[in-house]
Amino acid sequence: MAKRNSSLVQSLNDFSGSTSVICDKQTPLSCLEKHPNLIQDTRISDNLQENLQNLHSHTANTGICGEGLEINNSILYLDALTITGESLGERIANAQISDTSIIRTNENAYSQVGGLKILFGNLCEQGAVLKVAAVAESMKEFVGTAVCFNSQEEAIKGIAGGKVKAGNVVVIRYEGPKGGPGMQEMLSPTSLIMGMGLGESVALITDGRFSGATRGACIGHISPEAAEGGLIALIEDGDRISISVSNGILELLVDSKVIESRKAKWKPIKKEIKSKWLKRYSLLVSNAANGAVLKTEL
């Protein structure tokens with residue numbers, strides 16, 4: 001139960017940090033059974049940008065763990081033992097929020113919507129992740145044309161070189177667990193987009209992952225990934241892509257017959273991997289939707 005609590009607390013992601021939490025600690029099905037809409041139902045308990053100094057002072061003076069856990073005690077396994085030998089319920093029984101302007105209650109949350117959003121659609125049949133708290137309202141319903149790159153390095157060069165314009169959806173593929181291999185953190189492409197003033201007119205989708213500092217309409221962890229034949233591998237420059245945050249949908253707006261034709265001709269891009277260990281990893285790793293864990297059976 002302690003491991004389940006750990007997964008639940010990290011998945012709550014109260015301060016809306018990195019989307020990597022989804023892969024770092026894949027929420028066990030048993031936790032989802034206790035709270036099936038965990039990610040969507042999570043509220044944001046504070047705004048670090050506004051309250052960072054106060055939060056540091058508050059944490060130093062009173063601690064924060066008990067207060068944060070007390071907010072969410074209804075979905076935790078309170079019988080789980082802690083390192084002190086007490087149950088979690090006993091440890092937080094007397095916890096109280098001493099300053100609701102710093103650590104807010106669920107009723108007084110900074111946002112009644114969680115910081116992360118799981119999307120589905122023909123581009124991500126097994127799911128994709130968006131840090132919705134960092135998306136401008138104008139980008140939450142967006143249709144744009146694709147500009148495709150087959151690596152982060154290729155994307156950086158293309159974005160810096162002016163290949164990306166307002167109204168585009170940047171597609172970065174072959175950066176997933178298998179295709180990367182290893183899902184390197186990608187902050188540079190999103191930083192370039194924001195720095196060029198395109199944060200409210202350009203979206204980015206990828207089978208890779210981002211830094212917690214990422215801002216904008218950036219959708220990661222697309223599964224199936226390109227290296228395993230996911231639809232993201234079949235996108236071509238100029239294709240129209242639709243993003244609906246409110247409906248949780250990511251779609252490639254291309255006729256199914258065209259997609260089937262592309263699929264019949266598709267061959268995966270094989271990157272040169274010098275390390276034997278990385279080659280083995282690439283062969284055995286699952287996609288992001290399944291936690292990017294190594295398979296024990298082929």
Side-chain angles (χ1 to χ4, degrees), residues 7-8 10-11 13 18-33 35-42 114-132 135 146 148 150 152 169-186 203-210 214 217-235 239 241-254 256 259-260 262-263 266 268-269 281-298:
S7 294
L8 281 165
Q10 190 168 7
S11 298
N13 203 14
S18 175
T19 57
S20 295
V21 66
I22 303 297
C23 230
D24 290 344
K25 201 152 200 160
Q26 189 74 355
T27 308
L29 289 176
S30 54
C31 289
L32 292 177
E33 288 169 4
H35 198 80
N37 297 314
L38 176 65
I39 294 169
Q40 285 85 348
D41 286 355
T42 301
L116 301 180
K117 180 81 173 182
I118 307 301
L119 307 180
F120 292 95
N122 66 356
L123 264 174
C124 50
E125 292 179 345
Q126 296 175 20
V129 185
L130 169 68
K131 188 165 75 173
V132 68
V135 180
C148 302
N150 291 324
Q152 175 181 211
V169 177
V170 175
V171 179
I172 306 178
R173 55 197 176 196
Y174 294 98
E175 287 291 357
K178 183 180 291 292
M183 289 188 88
Q184 64 176 318
E185 186 174 87
M186 294 194 294
L204 187 153
I205 68 171
T206 180
D207 51 12
R209 68 183 183 93
F210 305 112
T214 294
C218 302
I219 300 170
H221 299 224
I222 287 178
S223 300
E225 63 175 292
E228 60 180 336
L231 187 56
I232 188 173
L234 306 180
I235 302 173
D239 286 349
I241 294 171
S242 172
I243 299 168
S244 175
V245 175
S246 60
N247 294 313
I249 295 175
L250 175 62
E251 290 274 335
L252 177 63
L253 304 179
V254 172
S256 59
I259 292 174
E260 287 301 318
R262 291 180 188 177
K263 191 172 184 178
W266 174 77
I269 291 175
Y281 173 88
S282 182
L283 289 170
L284 296 176
V285 72
S286 67
N287 62 30
N290 291 288
V293 296
L294 295 181
K295 301 171 185 176
T296 56
E297 297 180 8
L298 294 177

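Numbers here are sequence positions counted from 1. All of these numbers come straight from a predicted model, not from anything done at the bench.
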Subject >> Any residue meeting side-chain hydrogen bond (donor to acceptor under 3.5 Å, both in side chains) with Glu228, in chain and number order, not counting sequence neighbours >> reply: Asn287

Original post:
Can you tell me how far OG of Ser223 sits from CG of Leu231, rounded to the nearest 0.5 angstrom?
Top reply: 13.0 Å

**OP:** Quick one: closest heavy-atom pair of Arg209 and Met183, and the distance?
**Re:** NE-O, 2.6 Å

**OP:** Taking all non-hydrogen atoms of both residues into account, name the closest pair between Gln152 and Glu175 and its distance.
**Re:** N-OE2, 2.7 Å

Original post:
Just how far is it from atom OG of Ser256 to atom NZ of Lys263, taken to the nearest 0.5 Å?
Top reply: 12.0 Å

**OP:** Return the set of residues passing side chain to side chain contact (heavy atoms under 4.5 Å, CB included) with Ala217 (not counting sequence neighbours), or none when no residue passes.
**Re:** Val135, Met139, Ala203

Subject >> Separation of Gln126 CD from Ile118 CD1 (nearest 0.5 Å) >> reply: 13.0 Å

Subject >> Residue pair Leu204, Val169: steps toward the side chain to side chain contact (heavy atoms under 4.5 Å, CB included) verdict >> reply: CA-CA 5 Å; Leu204 187 153; Val169 177; over 6 Å; no

**OP:** Over all heavy atoms of both residues, which pair between Ser282 and Pro181 is shortest? Give the atoms and the distance, please.
**Re:** CB-CB, 4.0 Å

Original post:
With Ser246, which residues qualify under side chain to side chain contact (heavy atoms under 4.5 Å, CB included), at least two apart?
Top reply: Glu141, Ser244

**OP:** Give the minimum heavy-atom separation between Lys117 and Val132, together with the two atoms involved.
**Re:** CB-CB, 4.1 Å

**OP:** Evaluate the side chain to side chain contact (heavy atoms under 4.5 Å, CB included) criterion for residues Arg173 and Thr206: first the C-alpha distance (whole Å), next the side-chain angles of each, then the deciding distance (0.1 Å), finally the verdict.
**Re:** CA-CA 5 Å; Arg173 55 197 176 196; Thr206 180; over 6 Å; no

**OP:** Check step by step if side chain to side chain contact (heavy atoms under 4.5 Å, CB included) holds for Leu250 and Ile222.
**Re:** CA-CA 10 Å; Leu250 175 62; Ile222 287 178; 3.8 Å; yes

**OP:** Check for a donor-acceptor pair, side chain of Ser286 on one end and backbone N or O of Val293 on the other, with a separation under 3.5 Å.
**Re:** yes

Original post:
Atom CG of Leu234 and atom CG of Asn122: how far apart are they, to the nearest 0.5 Å?
Top reply: 10.5 Å

Original post:
Just how far is it from atom CD of Glu251 to atom CZ of Phe120, taken to the nearest 0.5 Å?
Top reply: 12.5 Å

Subject >> All side chain to side chain contact (heavy atoms under 4.5 Å, CB included) counterparts of Leu294, not counting sequence neighbours >> reply: Tyr281, Leu284, Val285

Subject >> Ile259 to Val254 - nearest heavy-atom pair and separation >> reply: CD1-O, 3.5 Å

Subject >> Close side-chain approach of Ile205 to Val170, heavy-atom, < 4.5 Å >> reply: no

Original post:
When you look at Leu253 and Ile241, which way does the side chain to side chain contact (heavy atoms under 4.5 Å, CB included) test go after all the steps?
Top reply: CA-CA 6 Å; Leu253 304 179; Ile241 294 171; over 6 Å; no

Subject >> Test side chain to side chain contact (heavy atoms under 4.5 Å, CB included) applied to Ala227 - qualifying residues, sequence neighbours left out >> reply: Tyr174, Lys178, Glu225

Subject >> Leu119 versus Ile219, closest heavy-atom pair with distance >> reply: CD1-CD1, 3.4 Å

Original post:
In Å, rounded to the nearest 0.5 Å, how long is the span from CD1 of Ile235 to CZ of Arg262?
Top reply: 8.5 Å

